[in-house]
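Everything numeric in this text was worked out from a predicted model, so none of it was measured. Residues take their numbers from the sequence shown, with the count starting at 1.
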Amino acid sequence: MQNSETPQGFGGLGISDEFMKAIERLKFSTPTPIQHKAIPVGLSGEDLIGIAQTGTGKTVAFGVPMLQRLWQARAGLGVVILPTRELALQVNDSLKALGQQLGLRTAVLIGGESMGKQLQQLSRKPNVIIATPGRLLDIADEKKIDLSRTTVLVLDEADRMLDMGFAPQIRRIFALLPEPQDRQTMLFSATMPEDIVSIATKHMRMPVRVEVAPAGTAAEKVHQEIYIVTKEDKVALLDEMLREHDGSVLVFTRTKHGAKRLTRQLEKLGHRAGEIHANKSLAQRIKALNDFKKGTIRALVATDIAARGIDVTGIGLVVNYDLPDSSQDYVHRIGRTGRAGREGKAISFATPDQRSDIRDIERLIRKPLTIAKHEKLSAELHQVPVAQRGIRGGRVRRFGHRPRFRRSR
């Protein structure tokens, strides 16, 4: 472990002594690449666009500059906007840990929880508000919050918010904020679509772009494979994957009804499984996530609502049971494994008619996917040449001839 005062640690980034103590208490020693690049820019007060994958330490990258600037000014309001409730709760935990020793308070404004309790949090005059767009606007419409006091704005997982249809709410929120020259804006995203460029042009002051991986690239240490499989074979193949791999497994389906059905099928096959999707209440989703963290359930079946909302270390395997509607969602999904420099694995199931979806993913991640085979799959699929499946590039490997994946510790 490197000492925090070495040039490779947090000591050379311009962080105040008070916040260095908080960082040391949390046992952070070496900044991640996004933290090393973003923290000095954030502390300078400049607007910032940070391009980095999930699991790279973005919360600390924006949290330290925001909290330090608010603490030093003894005035103003920090606002963090995120796409999901779960992610808001996780970011709140991190910011509370960083700021509470210096008396900085946070409030969480998310749907699915009591408005009354959230108004109580606002009555305590928090320094930072962490919110999902809809609930933030609900409270602003009731005149219970004054966003014109905002001095630091953070849009976290900005591309995901736009993918989820929050663009109209984001525009309304910007209309309630001070002018760009009167606030600092930090935007973090895993990809850089045109909508993000538009936000930067209209609502930011000559932002500094910090990029630790090309936009759209997948996590470096995630080994990726894809199986060509019929819909009828998917459950049996997933059953084999769960028996072949050790550790916790996150499984993505395209629909909430599919997630519910698959969870029941896995339970019947003897696997300890849970589910997270929009038909579950916030309390149910939090319980499922906690059970997954504790190992009470081994397989967590989720829709894309969880692609950015799960912060669990040591997920050994991500399975795309259904390919996502958007190739960018593929990057977000597999970012749940291989976090913070660990190795991970992602396996995707594709039906023979999804050749264009596979090509879109390969173009985005800038490399071919490895085409794997399973001896128990339908024999007719094995007889179809790879080229006829519409998949270019990649290697073909048989299921029975690969090393077992070791569980992350």
Candidate pair D322 and K234, rule side chain to side chain contact (heavy atoms under 4.5 Å, CB included), full reasoning: CA-CA 9 Å; D322 298 318; K234 280 187 175 184; 2.9 Å; yes

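- In terms of heavy atoms, M241 sits closest to I347 at SD-CD1, 3.4 Å.
- Note that the CG atom of L136 and the CD1 atom of I173 stand 4.5 Å from one another [nearest 0.5 Å].
- Each salt bridge (charged side-chain N to carboxylate O under 4.0 Å, His left out) pair with one or both residues in residues 32-51, not counting sequence neighbours, appears once here: D47-R205.
- Between L153 and I81, the closest side-chain pair of non-hydrogen atoms falls below 4.5 Å.
- Among T351, I358, D233, the single residue meeting the side chain to side chain contact (heavy atoms under 4.5 Å, CB included) criterion with I228 is I358.
- Here the shortest heavy-atom pairing between Q90 and L289 reads NE2-CD2, 3.6 Å.
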Audit row: E275, R264, salt bridge (charged side-chain N to carboxylate O under 4.0 Å, His left out) steps and yes/no: CA-CA 10 Å; E275 57 191 287; R264 301 296 171 267; 2.9 Å; yes

From CA spacing to verdict: side chain to side chain contact (heavy atoms under 4.5 Å, CB included), R135, Q118: CA-CA 10 Å; R135 179 52 62 93; Q118 293 176 7; 3.0 Å; yes

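- V80 has its side chain within reach of M66: a pair of non-hydrogen atoms, C-beta onward, lies under 4.5 Å apart.
- At least one donor-acceptor pair under 3.5 Å links the side chain of H277 to the backbone N or O of N279.
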Pair E142-M115, side chain to side chain contact (heavy atoms under 4.5 Å, CB included): steps then yes or no: CA-CA 11 Å; E142 295 290 329; M115 179 82 81; 5.5 Å; no

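- Between the side chain of Q265 and the backbone N or O of V235, no donor-acceptor pair lies under 3.5 Å.
- Atom CD of Q224 sits about 10.0 Å away from atom CD of E362, to the nearest 0.5 Å.
- The nearest pair of heavy atoms linking K58 to A52 is NZ-O, 3.4 Å.
- Distance alone, capped at 3.5 Å, places no donor-acceptor pair between the T337 side chain and the I334 backbone.
- A salt bridge does not link D329 to R254: none of the charged nitrogens lies less than 4.0 Å from a carboxylate oxygen.
- Under the 4.5 Å side-chain criterion, counting only non-hydrogen atoms from C-beta, R359 is in contact with R363.
- No side-chain heavy atom of T106 sits less than 4.5 Å from a side-chain heavy atom of P126.
- Interatomic distance, L242 CG to R298 CZ, rounded to the nearest 0.5 Å: 5.5 Å.
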Working for side chain to side chain contact (heavy atoms under 4.5 Å, CB included), residues L187 and M204: CA-CA 9 Å; L187 183 153; M204 301 178 76; 4.2 Å; yes

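- In this structure, D93 does not pair ionically with K96, as no charged nitrogen and carboxylate oxygen lie closer than 4.0 Å.
- Taking CD1 of I199 as the reference point, atom CG of L155 lies at 6.0 Å (rounded to 0.5 Å).
- By the 4.5 Å heavy-atom criterion applied to side chains, L95 and L67 are counted as neighbours.
- Residue V222 comes nearest to K345 through the heavy atom pair CG1-C, 4.1 Å, listed as atom of the first residue, atom of the second, then distance.
- Remark: E194 CD is loosely packed, at most 12 non-hydrogen atoms of other residues, nucleotides or ligands lying under 6.0 Å away.
- In this structure, the separation between CG on L269 and CG on D239 is 4.5 Å, given to the nearest 0.5 Å.
- The shortest distance between side-chain heavy atoms of P31 and L13 falls below 4.5 Å.
- Using a 4.5 Å heavy-atom cutoff, the side chains of P178 and T150 are in contact.
- Aromatic ring pairs are classed by plane angle as parallel below 30°, tilted from 30° to 60° and perpendicular above 60°; the pair F62 and F188 is tilted.
- Under the 4.5 Å side-chain criterion, counting only non-hydrogen atoms from C-beta, F292 is in contact with I315.
- The cationic atom of R74 (NZ for Lys, CZ for Arg) lies less than 6.0 Å from the six-membered ring centre of W71 and within 45° of the ring axis.
- Minimum heavy-atom separation, T132 to I110: OG1-CA, 3.5 Å.
- The nearest pair of heavy atoms linking G76 to L70 is C-CD2, 3.9 Å.
- Ion pair R272/D291 not flagged as a salt bridge, since none of the NZ, NE, NH1 or NH2 atoms sits closer than 4.0 Å to an Asp/Glu carboxylate oxygen.
- Here L77 contributes atom CG and T151 contributes atom OG1; the two are 6.5 Å apart, rounded to the nearest 0.5 Å.
- When each of L369, I226, N320 is paired with I361, the side chain to side chain contact (heavy atoms under 4.5 Å, CB included) condition holds for L369 and for no other.
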